[in-house]
Amino acid sequence: MELTINGVKRTVSAPESRLLLHVLREDLEMTGTKFGCGAGICGACTVMVDGVATRSCITPISTLAEKSITTIEGLADGERLHPVQQAFIDAQVPQCGWCMSGQIMTAAAFLASNASPSGDDISEAMSNNYCRCGCYHRIRIAVAAAARTSAANEVQS
Amino acid sequence: MSKSNTENTKRWRITRRGFLIGAGAAAGSVALGVAFGLPVLRIKVAGMLENATIPSNAPKEPSAWFEILADSRIRLFVTKAEMGQGVHTALAQFAAEELEIGLADLEVTQASTEQGFRDSTGTSGSGSVSGMSEPLRQAAATLREMLKAQAATQLNQPVASLVVFGRGIQVKNDGGRRVEFAALAATQRQWMQQVPKESVALKKPSEFKIIGAPVSRIDIPDKVTGRAIYGYDARAEGMLYGTVLRPPTLGATLKSVDSAEAEKISGVVRIVRDGEFVGAVARTRAAAQTAVSTMQAQWNESKPLQQADIDALVTVGPDAGAQIQRIGDAAAVLDAQTNGSITAEYRTPMAIQTPMEPQAALADVRADKATIWASTQSPDLVRRRVADAIGFKPEQVEVITTYLGGGFGRKSDTEAAAEAALLSKAAGAPVHVGWTRSEELRYGYVRPPTHHVLRARLDADGRIAAFEHRQASGDVLFALLPKVATTIAGGILGADFGATRGAMLRYDVPNVSTIAWRRSLPVRTGPWRGLGALPNAFALESFIDELATTAGADPLTFRLRHLPDNDWGRRMTAVLRAAAEASNWGSAPPSGRARGIACATDVDTVVAQVAEVSVDAQGKIRVHHVTAAMDCGLVVNPDGARAQVEGNVMWGVGSTLIEEAHIENGRFAAANFDGYPLLTLKDAPIVNAILVKSDDKIRGAGEPAIAPVAAAIGNAVFALTGKRLRNLPFTPERVLAA
């Protein structure tokens, strides 16, 4: 079947029951999206489907026809990083980095739906993604900073 | 970093200054290496025995070295693995500082085992940065002087007139008389001649420009774009996926297996059986997993183990334990008059490291050579494990370390590598093995449970007159060492030095006794972040709080009164005061909250923490703030060190409030994160990490801040509720029952 990933149409010769995470990592060699638990609990595999944060480890590709999938590899606009990516660099958030694709995709989808979140909103939105290194303190800071940058960009454009 | 470079750069010769000099990867280039590393066992044993001399161990191969690249950038090869602790950045800072080049002109590359190194310590014990500081800086400074000497010849100028500028050397303030590093490397053939006769003086800390500066971590950009490659991401042409059949209960042995149905699964390439080892190789991981789950296996199982069996094994006494600390005669003082002594028992449970990236390795086994890409803290151990598994010599196995998606001690062993190698050998193709979360939670090794019995007596002035800590634990480090080594070390110490990390009392008390019991458990136990640091500090620092309460003293004042008048006592005083001041210790906390304080020493680093908590009607503890002051001496990357403190605090909070692995009907009960939940952002405290610098010695920072967390929280809960919690984790049920 055909999948639209990061704006590019990709033909995938896999059964429709195959999970998006496996298609990305094994079939398309896009390893930026990570495996964490295989049960939709930890959030390491989060991608965006039509802008909505989605757990790719429990999403069969049969549900994705005509949908637009965005992965960490496609989040930046060319060389220009997404405000969330830049904020994660600025706050020096990642340690081991394994959960970070999922954290960043979750945050990007969240900020797209809530441009001026409160601290509690951020806590709520980011509390379904595990980080074993314990970068939570900086994730809070970075997501709040990205919200401010995004808001500033809105005003400019 | 982590541009894996498989070119062989062996052919090292020892220079007259003791460095290793060899041919670089590119013709005509120079490579200067520095040997570092003692066997882990000898270092640790020596560290435990006070005033012991570390045995000399003549190095033969370098564990870090430089190459000059064609574009005059300098490449630094390191054996230490980057698992989020920022070690590659810190080592780059050492090198760039003494080379006098910018960080951007230095490329850090993870060395494979093929590239002439042996690092038997691996990446562990918070020792990478502190241990590499001097040898790496010495090598960098020596290379700088060698390049200058060569430049002096080429430019026909006195050495004293030359400076490093950009990627070359020039006459000071005269870019016209200049030569690039690459040109220098290409012209000289006899680099031995350029090795300075005397040791090159290292820069003084006051002269540092890069060491101590808050530089951005070099691995972060690739980690926000998905470009960083980890063991689970490793790929090779024509690779297949492998899954291993696991026993249903711990210790079960395979009786028989029928894999007829498994072979019919679409995508399955091969079913492999080698004694007890059974696995499936397939074109997708899902197919390999389905194949294994389809196998009909019969197992020899004994009576299934239960949690109560483990608990019963982990107790102090009544047999004789190993005395690991003795000052005066604590037992005599405590036994002389039982009236007036204080006793308490503490317990900590098994806990699982469960890094976000599970065990993973890719193996490509050919006729006489095996290449392994692994997410490992111990490439040297992986090399031996793989060689043993497939009947190769270690020299035939090359291990390429990738980025690690977390280590925390779990990747000090990397079982997936030998599994992948066995499957690759049988399938005749590269095979990747990546564990599921279920395998990660059920088939690894865990932090051993501990039991602590404490006794103390206060004198008439409210000072501690005698203190006794009796501690029992499953093995931590001995579990990973060869049997013969554990016998030797056990003979010397009688206790596992990982399990007893942090067990000794450091306060100024005239009579102290610390006794440890090693308990062999029917489950695999091993290293977990900080090893015994958190369990021991939990028991000691909670009990110290109990003594302060009995003495009617403020917990901070009580601690300060018992600190010795020595270097350690002064450093501990400074961090306690810093944490107290920043957390407004002594002022009234917000309504419904209370504060607790605790401190600890680990790898010669001192940490003090104040936790501010509340408890709701359901017994759920909420940790609002943790103020952590740490003195690890001279800090290489302050922001990186603060990040380590923050991460350790989160680990500590999770371990204190939530984490507990337990056995049910012969196996670990949790099959995924729903059964072993981790701390999430919602419950994460705000962390204020403060760095205190007492001197210019570089010390470990990767683990110490985990030590006092549980005690600080427990002490805060006591201050709030009057209830003393002595068993981890502090679940709502335990809080309500206390």
Side-chain angles (χ1 to χ4, degrees), chain A residues 14-15 18-19 22 25-27 29-39 41-42 44 71-76 81-82 84-90 92-104 120 122-140, chain B residues 82-86 216-217 219-230 232-233 235 241 283-286 353-358 403-408 434 436-438 639-640 643-644 646-651 653-654 672-674 677-687 689:
Chain A
R18 190 156 165 78
L19 299 167
H22 299 155
R25 291 181 54 84
E26 297 180 12
D27 305 348
E29 306 197 1
M30 295 169 71
T31 54
T33 304
K34 305 302 187 190
F35 166 80
C37 67
I41 302 168
C42 76
T71 70
I72 189 73
E73 290 94 343
L75 189 62
L81 294 179
H82 185 280
V84 173
Q85 289 173 308
Q86 189 58 52
F88 272 55
I89 292 179
D90 294 344
Q92 295 281 291
V93 177
Q95 290 189 25
C96 89
W98 187 256
C99 73
M100 285 297 155
S101 299
Q103 303 277 3
I104 290 168
D120 285 347
I122 292 172
S123 276
E124 199 56 46
M126 299 305 297
S127 279
N128 295 303
N129 288 66
Y130 282 168
C131 173
R132 190 50 160 161
C133 297
C135 304
Y136 297 130
H137 182 71
R138 292 179 186 226
I139 291 172
R140 275 194 198 112
Chain B
E82 181 57 77
M83 46 190 175
Q85 80 284 43
S216 294
R217 289 226 325 271
D219 53 319
I220 283 184
D222 281 352
K223 289 178 174 176
V224 303
T225 54
R227 290 194 191 109
I229 298 295
Y230 302 76
Y232 222 107
D233 302 331
R235 302 196 64 84
Y241 297 87
R283 297 195 194 288
T284 66
R285 202 185 305 282
Q353 309 89 345
T354 199
M356 289 309 294
E357 179 204 25
Y403 274 129
L404 272 63
F408 316 117
T436 62
R437 186 57 55 188
S438 182
D639 190 58
Q644 287 303 298
E646 292 158 12
N648 272 294
V649 167
M650 299 306 175
W651 260 72
V653 172
N672 209 324
F673 282 134
D674 49 355
L678 304 181
L679 185 77
T680 64
L681 186 141
K682 206 164 32 183
D683 294 321
I686 292 167
V687 182

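Below, read A as the first sequence line, B as the second, and so on, with proteins coming before strands; counting in each chain starts at 1.
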Where do [X] and [Y] come nearest, in terms of heavy atoms and distance?
X: A/Gln92; Y: B/Ile220; value: OE1-CD1, 3.5 Å
X: A/Cys96; Y: B/Gly405; value: SG-C, 3.3 Å
X: A/Gly36; Y: B/Phe673; value: O-CE1, 4.1 Å
X: B/Pro355; Y: A/Arg132; value: CA-CG, 4.1 Å
X: A/Ser127; Y: B/Leu681; value: OG-C, 3.7 Å
X: A/Ile41; Y: B/Asp674; value: CD1-N, 3.5 Å

Taking every heavy-atom pair that is under 4.5 Å apart, which of [options] has the most such pairs with chain B?
options: A/Thr31, A/Ile122, A/Asp120, A/Asp90; value: A/Thr31
options: A/Gly32, A/Cys37, A/Ser123; value: A/Cys37
options: A/Gln86, A/Lys34, A/Gln85, A/Arg140; value: A/Arg140
options: A/Gly97, A/Ala76, A/Cys99, A/Cys135; value: A/Gly97

[atom2] on [Y] to [atom1] on [X], rounded to 0.5 Å:
X: B/Glu646; Y: A/Cys133; atom1: CD; atom2: SG; value: 12.0 Å
X: A/Glu124; Y: B/Thr680; atom1: CD; atom2: OG1; value: 9.0 Å
X: B/Tyr241; Y: A/Glu26; atom1: OH; atom2: CD; value: 4.0 Å
X: A/Glu73; Y: B/Arg227; atom1: CD; atom2: CZ; value: 9.5 Å
X: B/Arg437; Y: A/Cys42; atom1: CZ; atom2: SG; value: 6.5 Å
X: B/Gln85; Y: A/Gln95; atom1: CD; atom2: CD; value: 9.0 Å

**Study point:** Side-chain donor or acceptor of B/Tyr232 paired with backbone N/O of A/Trp98 under 3.5 Å
**Key:** no

Practice item. Considering only heavy atoms and a distance below 4.5 Å, find which of B/Thr354, B/Asn648, B/Thr436 pairs most often with chain A. Key: B/Thr354

Study note, to complete from the structure: Counting heavy-atom pairs under 4.5 angstrom with chain A, the leader among B/Lys682, B/Met356, B/Arg283, B/Met650 is B/Met356

Measure [X] against the heavy atoms of chain A and call it side chain, backbone, both or neither at under 4.5 Å.
X: B/Pro685; value: backbone
X: B/Leu678; value: both
X: B/Ser438; value: neither
X: B/Ala684; value: both

Check your understanding: When you look at CZ of B/Arg235, are more than 12 heavy atoms from neighbouring residues, nucleotides or ligands closer to it than 6.0 Å?
Key -> yes

Can you confirm whether [X] sits close enough to [Y] that some side-chain heavy atom of one is under 4.5 Å from a side-chain heavy atom of the other?
X: B/Val224; Y: A/His82; answer: no
X: B/Thr284; Y: A/Arg18; answer: yes
X: A/Val93; Y: B/Lys223; answer: no

Review point. Using non-hydrogen atoms only, which part of A/Leu19 is less than 4.5 Å away from chain B: side chain, backbone, both, or neither?
Key: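 Nothing of A/Leu19, per the 4.5 Å heavy-atom cut-off to chain B.
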
Check your understanding: Using non-hydrogen atoms only, which part of A/Ile89 is less than 4.5 Å away from chain B: side chain, backbone, both, or neither?
Key ->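 Both backbone and side chain of A/Ile89 come within 4.5 Å of chain B.
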
